[in-house]
Amino acid sequence: MTGRRRLWSKLVVIALGVVVMSSPAAFSPVPPAQGATTTRVGANSSDWTWFDKAVGPVQIYRVFDGGFHYATWRATTAYQQHPNAPAFDYSIRVLPQRLTNPTDPINAQIRSFLATTPKNLIITNWHEPDETYAKNRQFTTAQYRAGLLALARMVRAQNAADGGTRRVSLTLMDITFSGTWSTQVSDWWPTNARDGGHVDLIQGDMYEWPHATNTPGVPAGYTDGINWRKASTLLAPLYNWAVAHDTPWAVAELGVLEDIHNPMRKANELSAAVAYAKSHGADHISYFDNAGPRANWRLRYSTPVGTTSPTSNAAVMWKSLVAGG
């Protein structure tokens, strides 16, 4: 491409807020993390006051906007809770059909918002679309892919304008990667051949099976250990898909329960998961310190069974893993 053509392309990007390129290189993925020192260890928490005191600052913060509610990054709760965070993995929730409608004002609003965000932001729209689709079919898989690519074009335009390295991710449930859900990963991942582009990062919400939790003798936050999977077994389907499709990968959410028979099992499995993520080049791995619809995954549960502590084995372990221990 001549210098004049490069200048013209850049001017188009800045002026219109979209990427107008025919080269497949416009959709080249960011290289995956290489080695242990580049895999960030982070978290999402429903109780940051508790988490920040028990674990301290993490390397990446997983944060959700249940819609699209903020005009600027500084107005977000993500920024207000952790203004000095080194990185964020951020989710918005906008019907993908709106992102492909050039007359919808949401697009100008998102472009304006992106201009205020950290230059290394990871962003996705409608995380776990595979679950939404199975429940209520608010959009088709094709509509979702097109919407995600529309977001990617906005993000790449902003990167071209300010030199950022922002990335767009697709985040799916672990059961989709294992092939036990109603859709496949390929239904959601945009491709050059089918969709005219792809996004930068594949992420998984990876959870142990919550066997027997909330039953007599197995309270919230605990399991009896039946059907337990090793960290390598849990994460391998996500990693294998990423390798097969030559794309960077990350664990957006990791959830593990306490074993009522082994007070160190959860902590040890957290260590094994981070070790797997690092040795297999994950971009990042974040713990889900929340009570979910299937089980209570929080880090605070301790011994004796049913008690809580800011120095639980799991919390102490995650603090160590964030510190690189």
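Minimum interatomic distance between N192 and G197 (heavy atoms only, all atoms of both residues): OD1-CA, 3.1 Å. Contact detail for A273 and L235: the closest heavy-atom pair is O-CD1, 3.7 Å. Of all the heavy atoms in A54 and P310, the pair that sits closest is CB-O, 3.5 Å. When all heavy atoms of L148 and L170 are compared, the closest pair comes out as CD2-CB, 4.0 Å. Smallest separation of non-hydrogen atoms from P263 and T303: CB-CG2, 3.3 Å. Scanning all heavy atoms of the two residues, the minimum distance from V58 to A43 falls at CG2-N, 4.0 Å.
Two residues are said to be in side-chain contact when any heavy atoms from C-beta on lie closer than 4.5 Å; V55 and Y287 fail this criterion. Using a 4.5 Å cut-off on side-chain heavy atoms (C-beta onward), D259 and E269 make no contact. The shortest side-chain heavy-atom distance between N159 and T165 does not fall under the 4.5 Å cut-off. Residues L270 and L254 are in side-chain contact: their nearest non-hydrogen atoms beyond the backbone lie under 4.5 Å apart. At a threshold of 4.5 Å between non-hydrogen side-chain atoms, the residues D89 and Q203 count as touching. R156 is listed as a side-chain neighbour of D200, based on a closest heavy-atom distance under 4.5 Å. Residues I110 and I92 have side chains in contact (heavy-atom distance under 4.5 Å, counting atoms from C-beta outward). Side-chain contact check for V243 versus W249: every heavy-atom pair is 4.5 Å or farther apart.
Both V256 and Y276 belong to a common hydrophobic cluster when Ile, Leu, Val, Met, Phe, Trp and Tyr are linked at side-chain heavy-atom distances under 4.5 angstrom. By the criterion of side-chain heavy atoms lying less than 4.5 angstrom apart, applied directly or through intervening Ile, Leu, Val, Met, Phe, Trp or Tyr residues, W181 is not grouped with F139; the two fall into different hydrophobic clusters. Residues V155 and L201 fall into different hydrophobic clusters, defined by Ile, Leu, Val, Met, Phe, Trp and Tyr side chains chained together at heavy-atom separations under 4.5 Å. One hydrophobic cluster, built from ILVMFWY side chains closer than 4.5 Å, cannot hold both I260 and L257; they sit in different ones. Criterion: ILVMFWY side-chain heavy atoms under 4.5 Å apart, direct or through other members. Under it, L299 and M264 are not part of a common hydrophobic cluster.
For the pair D283 and R167, the salt-bridge criterion is met [side-chain N within less than 4.0 Å of a carboxylate O].
Side-chain contact of N290 with E253: a donor-acceptor pair under 3.5 Å is absent, judged by distance alone. Checking N101 against T103 by side-chain atom types alone, a donor-acceptor pair falls below 3.5 Å. There is a side-chain donor-acceptor pair under 3.5 Å between Q158 and D162.
Under the rule for a salt bridge (Lys or Arg N to Asp or Glu O under 4.0 Å), D205 has no partner lying at least two apart in sequence or in another chain. The side chain to side chain contact (heavy atoms under 4.5 Å, CB included) search around D195 returns R145, L149, P190, T191, not counting sequence neighbours.
In this structure, CZ on F113 lies 6.0 Å from OG1 on T76, to the nearest 0.5 angstrom. The structure places CG of D289 at 3.5 Å from OG of S45, a figure rounded to the nearest 0.5 Å. Between the CZ atom of F88 and the CG atom of N120 there is a distance of 9.0 Å, given to the nearest 0.5 Å. One distance of note links OG of S302 with OH of Y222; it measures 6.0 Å at 0.5 Å rounding. From M206, atom CE reaches atom OG of S178 across 7.5 Å, with rounding to the nearest 0.5 Å. Here CZ of F288 is found 7.5 Å from OG of S46. Values are rounded to the nearest 0.5 Å.
Remark: side-chain polar atoms of T223 are paired, donor with acceptor, to backbone N or O of G225 under 3.5 angstrom. Side chain of T213 to main chain of P210: no donor-acceptor pair is present (N/O by atom type, distance under 3.5 Å, no hydrogens or angles). Side chain of E208 to main chain of W228: no donor-acceptor pair is present (N/O by atom type, distance under 3.5 Å, no hydrogens or angles). Of the possible donor and acceptor atoms, none in the side chain of S112 sits under 3.5 Å from a partner among the backbone N and O of Q109. Between the side chain of T180 and the backbone N or O of I175 there is at least one donor-acceptor pair closer than 3.5 Å. One N or O on the side chain of R166 and one on the backbone of T117 form a donor-acceptor pair closer than 3.5 Å. Q59 places no side-chain N or O within donor-acceptor distance of the main-chain N or O of A87, the cut-off being under 3.5 Å.
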Next on the checklist: Run the side-chain contact (heavy atoms from CB on, under 4.5 Å) test on V41 and K278 for me, step by step, so that the C-alpha distance in whole Å, both residues' side-chain angles and the decisive distance to 0.1 Å come before the verdict.
Outcome noted: CA-CA 9 Å; V41 180; K278 288 184 174 184; 4.3 Å; yes
Item to check | S286 vs R40, side-chain hydrogen bond (donor to acceptor under 3.5 Å, both in side chains): CA-CA, chis, key distance, verdict | outcome: CA-CA 8 Å; S286 292; R40 294 182 187 268; over 6 Å; no
Checklist entry - Step by step, would you call Y79 with Y70 a ring pair (Phe, Tyr, Trp, His ring centres under 6.0 Å)? => result CA-CA 11 Å; Y79 173 81; Y70 304 101; over 10 Å; no
Next on the checklist: Under the criterion side-chain contact (heavy atoms from CB on, under 4.5 Å), I'd like the reasoning laid out for T141 against W188: C-alpha separation, chi angles, the key distance, then a yes or no.
Outcome noted: CA-CA 6 Å; T141 57; W188 304 102; 3.6 Å; yes
Checklist entry - Can you check salt bridge (Lys or Arg N to Asp or Glu O under 4.0 Å) on D47 and R300, steps first, answer last? => result CA-CA 11 Å; D47 185 354; R300 62 194 67 196; 3.5 Å; yes
Next on the checklist: Checking L321 against M317 for the side-chain contact (heavy atoms from CB on, under 4.5 Å) test, could you report, in this order, the C-alpha distance in whole Å, the side-chain angles of both residues, the deciding distance, and whether it holds?
Outcome noted: CA-CA 6 Å; L321 293 168; M317 177 61 75; 3.8 Å; yes
Checklist entry - Checking side-chain contact (heavy atoms from CB on, under 4.5 Å) for the pair I60/I122: CA distance, chi angles, key distance, verdict? => result CA-CA 10 Å; I60 185 167; I122 297 171; 4.2 Å; yes
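By the 30° and 60° cut-offs, the orientation of the rings of Y207 relative to W297 is tilted.
Counting non-hydrogen atoms of neighbouring residues, nucleotides and ligands closer than 6.0 angstrom, the CZ atom of R294 exceeds 12 such neighbours.
Just one residue in the list W73, F51, Y90, Y61 forms a ring-ring contact (aromatic ring centres under 6.0 Å, His included) with H82, and that residue is Y61. Among L151, V168, T171, L95, the one residue that satisfies the side chain to side chain contact (heavy atoms under 4.5 Å, CB included) test with N125 is L151. For the pairing with Y301, the side chain to side chain donor-acceptor pair (under 3.5 Å) check across T308, T307, N313, N296 returns one residue only, N296. Results of the side chain to side chain donor-acceptor pair (under 3.5 Å) test with T176 over T183, D130, D187 single out D130 as the only residue that passes.
Between Y144 and Y133, the distance from one ring center to the other does not fall under 6.0 angstrom.
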